[in-house]
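To start, the structure itself, in structure tokens.
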Protein chains: 2
Amino acid sequence: MSFIGFLFFIFAFVKEMIFSKTVEYAIRAMIFIAQKSKKGIKVGIKEIAKATDAPEYFIGKILQDLSRKGLVQSLKGPTGGFYLEEESSNCSLADIVKAIDGNKLFTGCGLGLKSCSEIKPCPIHNEFKKVREDIYNMLEDARIGEFSKKLEKKLTFLRRK
Amino acid sequence: MSFIGFLFFIFAFVKEMIFSKTVEYAIRAMIFIAQKSKKGIKVGIKEIAKATDAPEYFIGKILQDLSRKGLVQSLKGPTGGFYLEEESSNCSLADIVKAIDGNKLFTGCGLGLKSCSEIKPCPIHNEFKKVREDIYNMLEDARIGEFSKKLEKKLTFLRRK
DNA sequence: CCAATAAAAGACATAAAAGTCTTTTATTGG
DNA sequence: CCAATAAAAGACTTTTATGTCTTTTATTGG
Ligand code: FES
Ligand code: FES
């Protein structure tokens, strides 16, 4: 295979993840904001973008949306930025996914039938349903505020160099 | 909320599934072809599109691709169509996903870090890894040929009216 | 009040996914 | 051989996701 062909081969494998880019950036940003908020610090978009390795303007749009929906708080002007009130830092990753992409991930049919149905199930319904519920539980159990300690200790990361 | 607002509310919930449309159509089509192949019948694109409620030209493209990759067999001309050789009907859903979208779904980081890593894990690495493995096992255990009986008995469905 | 700051809002641009159509090639039965 | 058939190939369009830039609005400290 030629070198160019090899590159195509590699890029062919850069697709299809569970979450959209928007959701990925949103979760990383929210976890970062939560960490700073615990110290009473508000953070600006530039800092968030750097810390989470996300496109600056894009993460701005996403947070603007989450802000309208009340999942994150913000303040304009000098000393302004994004932060989380006590209640918001208890929000789950599932809440973020729902706010951005709705319930489809948690209720939709794995093979794309118009809806998931117990009565007229698709061939993988039972197995898929279980996985879907596992995903939901994982995201519902994960609260935005709970990641700070491990991040501080550098046991987990929001970006990779 | 206005009626228009309500419509937007509804449409906001039509996004973000685990599989791409391409993968969904591919799996439905492959299961259908397998069912017919057991009876020694080759099926054309029009019939596949109808039976699986997929866009005709699009499923054509998808099967063309899978055919090049050897996951499905085809024959041109009258009495031609798509069919599965014995070996192909033992192929797993994981094989189909891999052929179309690569390994990202099975190996990628849930929060979109450049790669998933045990050494520098993202905050949800452990939980996500488990879910990811469950998805892989579900798809690897499901063989294309094994769905025919339930489809015949109308216990499962490839389309919903 | 004012200048600086930072998010909100809205318009715009690009890339990728999804879907369609037309032409070509292979196969078949007569 | 020939006409009909059906997939392969390739070009194309549309839609959605992703990403960028510019202008407006709110807030602050001096
Ligand atoms: S019907 Fe397909 S997952 Fe339930
Ligand atoms: S590092 Fe994110 S899932 Fe492994």
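Protein chains get the first letters and strands the later ones, always in sequence-line order, with residue 1 at the start of each.
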For residues 149-159 of chain B, tabulate all N or O donor-acceptor pairs below 3.5 Å that involve a side-chain atom, not counting sequence neighbours.
residue : atom : partner : partner atom : Å
E152(B) : OE2  : Q35(B)  : NE2          : 3.1
E152(B) : OE2  : K39(B)  : NZ           : 3.3
R159(B) : NH1  : K50(B)  : O            : 2.6

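Rounded to whole angstrom, the span from the CD atom of Q64(B) across to the C1' atom of dA26(C) amounts to 14 Å. Nucleotide dA6(D) holds its P atom 15 Å from the CG atom of L63(B), rounded to whole Å. If you measure from atom CD1 of I100(B) to atom C1' of dA17(C), you get 13 Å, rounded to the nearest angstrom. In this structure, K61(A) places its NZ atom 13 Å from P of dC12(C), rounding to the nearest Å. Atom CG in L75(B) sits about 11 Å away from atom C1' in dT5(D), given to the nearest Å. Straight-line distance from the CZ atom of R28(A) to the P atom of dT18(D): 13 Å, rounded to whole Å. Across the protein-nucleic acid pair, I62(B) atom CD1 and dA8(D) atom P stand 13 Å apart, rounded to whole Å. Summarising the geometry, the separation between NZ on K69(A) and P on dA8(C) is reported as 14 Å, rounded to the nearest angstrom.
Under 4.0 Å is where a charged nitrogen must lie from a carboxylate oxygen, and between K114(B) and D53(A) at least one such pair does.
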D65(B) vs K69(B), salt bridge (charged side-chain N to carboxylate O under 4.0 Å, His left out): CA-CA, chis, key distance, verdict: CA-CA 6 Å; D65(B) 181 39; K69(B) 288 170 179 161; 3.3 Å; yes

Steps toward salt bridge (charged side-chain N to carboxylate O under 4.0 Å, His left out) verdict (K21(B), E24(B)): CA-CA 5 Å; K21(B) 282 287 154 200; E24(B) 288 176 357; 3.1 Å; yes

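Annotation: side-chain hydrogen bond (donor to acceptor under 3.5 Å, both in side chains) contacts of E87(A) (sequence neighbours excluded): none. Under the side-chain hydrogen bond (donor to acceptor under 3.5 Å, both in side chains) criterion, K46(B) pairs with no residue, sequence neighbours left out.
Checking dG19(C), dA9(D), dA8(C) against every side-chain atom of Y25(B), the shortest atom distance belongs to dG19(C). Closest to the side chain of P78(A), from the set dT5(C), dA7(C), dT18(D), is dT5(C). The side chain of F58(B) approaches dG19(C) more closely than any other nucleotide in the set dT25(C), dA7(C), dG19(C).
Using a 4.0 Å cut-off, no side-chain N or O of Y57(B) falls inside it from OP1 or OP2 of dC12(D). Side-chain nitrogen and oxygen atoms of S67(A) include none within less than 4.0 Å of the OP1 or OP2 phosphate oxygen of dA7(C). Here T79(B) does not reach the OP1 or OP2 of dT27(C): none of its side-chain N or O atoms lies under 4.0 Å away. Residue T22(A) places at least one side-chain N or O closer than 4.0 Å to OP1 or OP2 of dT18(D).
In this structure, G77(A) and G60(A) both approach DNA chain C, and ranking their closest nucleotides by distance from the 5' end singles out G77(A).
In this structure, Y83(B) is not a member of the same hydrophobic cluster as I27(B), with clusters built from ILVMFWY side-chain heavy atoms closer than 4.5 Å.
The side-chain heavy atoms of F82(A) and L75(A), taken from C-beta on, include no pair separated by under 4.5 Å. In this structure, I96(B) and I144(B) have side chains that are in contact, with non-hydrogen atoms separated by less than 4.5 Å. Side-chain contact between F19(B) and L105(B) is present, with heavy atoms from C-beta onward closer than 4.5 Å.
Contacts between residues 80-88 of chain B and DNA chain D, counted as heavy-atom distances below 4.0 Å, involve G81(B), F82(B). Contacts of residues 33-56 of chain B with DNA chain C (heavy atom under 4.0 Å): P55(B).
With no hydrogens or angles considered, no side-chain donor-acceptor pair links Q73(B) and S67(B) at under 3.5 Å. A donor-acceptor contact closer than 3.5 angstrom is absent between the side chains of D141(A) and S92(A).
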Nucleotide pairing, DNA chain C (Watson-Crick or G-U, distances under 3.5 Å), in dot-bracket with [ ] and |: ||||||||||||||||||||||||||||||

